[in-house]
2 protein chains.
Amino acid sequence: MDENGRRVFQFFNEIGIINQLAGAIFAARLPDGLHVSHFALLNHLVRLGDEKTPLALASAFQVPKTTMTHTLAVLEKRAAIQLTPHPSDGRSKIVFLTDAGRKLHNDAIASMADPIRQITADLGDGTISDLIPQLEKIRAYLDQNRSI
Amino acid sequence: MDENGRRVFQFFNEIGIINQLAGAIFAARLPDGLHVSHFALLNHLVRLGDEKTPLALASAFQVPKTTMTHTLAVLEKRAAIQLTPHPSDGRSKIVFLTDAGRKLHNDAIASMADPIRQITADLGDGTISDLIPQLEKIRAYLDQNRSI
DNA sequence: ACTAAGTAATGCGATATCGAACTAAATGCA
DNA sequence: TGCATTTAGTTCGATATCGCATTACTTAGT
C-alpha cells in the first residue's frame, strides 16, 4: 500500500474512532435502554417522514434486512412505531411513527442537548461545519460503490 | 437545538454512515471470519508495537474492557496473539503478536488492497487527505472530553 | 504490618448485528 | 394461464458489544 493508500486507511481509522467516541457519549445520555441505532431510526422517520417500508429503511441505513427487522421489532414493542400491511404489496409493510414515538424522539433529543451544546461551543466555529460537504461527498461515493 | 447544533448532529450522522459503509466494504474482503475489530487490533499492534496490556488497548480503542477481553480471546484462539502474565503487576497481562498474527495481518492488508486502491484512485486527490488533520482534532477533543 | 480503597481482568447475562435459509407474494415470460 | 424467478420480510443460529458483579492483586494511609 502506497502513501495515498495509507492516508485513506488512516482516514477510515479516524472515522471509526470518532464514531466510537460519539456513540459512547450519546448512548450514555439516551432514555432508558434506547440504543443509538433506535434513536437513529426515530430521527430518520421524524426528519424525512414515516410511512416507509422496512426494506427502504434498511437501505437508507445500509444495514442488512435482518438488522432492520430486529430494530423495528424493538421500537414496535415500545409502541414508538406501528407496522401496517402495505396497501398494494402483500409482502411488504409500512412503518408509522406513533405519538409515543415522537415523544420518545423529543426526549432523546433533549437528553443529548447538553453534550451537543458543549461540542458546538467547543468546535462549532466551523471546525465541524466545514467538513460536512466533504463527508457527504465521500458518503455518496461509498454508497454508490458499495460492491467495490 | 439551534442551527449549529443541527450541523454538529448532521456531522455525526455522516460519520456514522461512512463508518457503516466502509466497515461493510472491508468486512466483505477480510480473510475467513476475521472481523473488522479483530483486524483493527492486529493493525494497531503491528503499527504501534505489541507488548501492551489489555487495558491500554481497550483505552486506545475506547471500548469497554470486557469487549477487549473478548476480542483478545478470539485472536488468541486463532494463535494470532499471545497473552503472558505482566512481569511487575500480577493483575495484568501483556499482549504479544505471534508470527501467525503478523501473517494474518499481512493477508488482511492484501485482501483490502483492491478497495483501498479503488477509493484512493477515486477520492485520493486530496478529498480525503485534507480531512485528516481536522478529524484528528475532533477525535482528540472527544477523547479528552469523554465524560461530556 | 494491616486494612481500605483502587485497579486489571474475567464471567455472566442481555442486546445488537448479520449471514443463510425459509415463506409468502409479486413479477416476468412463454 | 402457468410456472420460474425475483422480492419483502422473518426465523434461526453465530458472533460482537457492553453493563454489572466478582476475583485477584496493588497501592495508600495509618
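We name chains A, B, ... by the order of the sequence lines, and we start the count at 1 in each one. Predicted model, so just to flag it, every value in this text is computed and none were measured.
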> Mapping D89(B) and K65(B) to their closest nucleotides on DNA chain D, which lands nearer the 5' end?
Replying inline: K65(B)
> Among the nucleotides dA16(D), dA9(C), dA20(C), which one has an atom lying closest to any side-chain atom of S92(B)?
Replying inline: dA9(C)
>> With hydrogens left out and only the distance checked, is there a donor-acceptor pair under 3.5 Å joining R91(A)'s side chain and the base of dT7(D)?
In response: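 Checked by distance alone, the answer is yes.
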> Salt bridge between D2(A) and R7(A), side-chain N to carboxylate O under 4.0 Å?
Replying inline: no
> So, are K103(B) and D107(B) salt-bridged, with charged N and O less than 4.0 Å apart?
Replying inline: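 Salt bridge flag = yes for D107(B) with K103(B).
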From [atom1] of [X] over to [atom2] of [N], roughly how many Å is that when rounded to an integer?
X: F39(A); N: dT15(C); atom1: CZ; atom2: C1'; answer: 20 Å
X: L21(A); N: dT17(D); atom1: CG; atom2: P; answer: 15 Å
X: L55(A); N: dT6(D); atom1: CG; atom2: P; answer: 16 Å
X: Q20(B); N: dA16(D); atom1: CD; atom2: C1'; answer: 14 Å

Which atom pairs, one a donor and one an acceptor, fall under 3.5 Å between side chains of residues 66-77 of chain B and the rest of the protein, sequence neighbours left out?
residue : atom : partner : partner atom : Å
T69(B)  : OG1  : K65(B)  : O            : 3.1
T71(B)  : OG1  : T67(B)  : O            : 3.0

Please list, one pair per line, the donor and acceptor atoms closer than 3.5 Å that link side chains of residues 45-56 of chain B to other protein atoms, with sequence neighbours excluded.
residue : atom : partner : partner atom : Å
D50(B)  : OD2  : L97(B)  : N            : 2.8
K52(B)  : NZ   : L48(B)  : O            : 3.0
K52(B)  : NZ   : G49(B)  : O            : 3.1
T53(B)  : OG1  : A56(B)  : N            : 3.1

>> Need one value for T69(B): base, sugar-phosphate or nothing, where a base atom within 4.0 Å counts as base even if backbone is also close, heavy atoms only.
In response: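 Contact class for T69(B): base.
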>> Using a heavy-atom cut-off of 4.0 Å across all strands, would you classify H86(A) as base, sugar-phosphate, or nothing?
In response: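 Here H86(A) touches no strand at all.
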> Does A56(B) or T71(A) map to a spot on DNA chain C nearer the 5' end, using the closest nucleotide for each?
Replying inline: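 Result of the comparison: A56(B).
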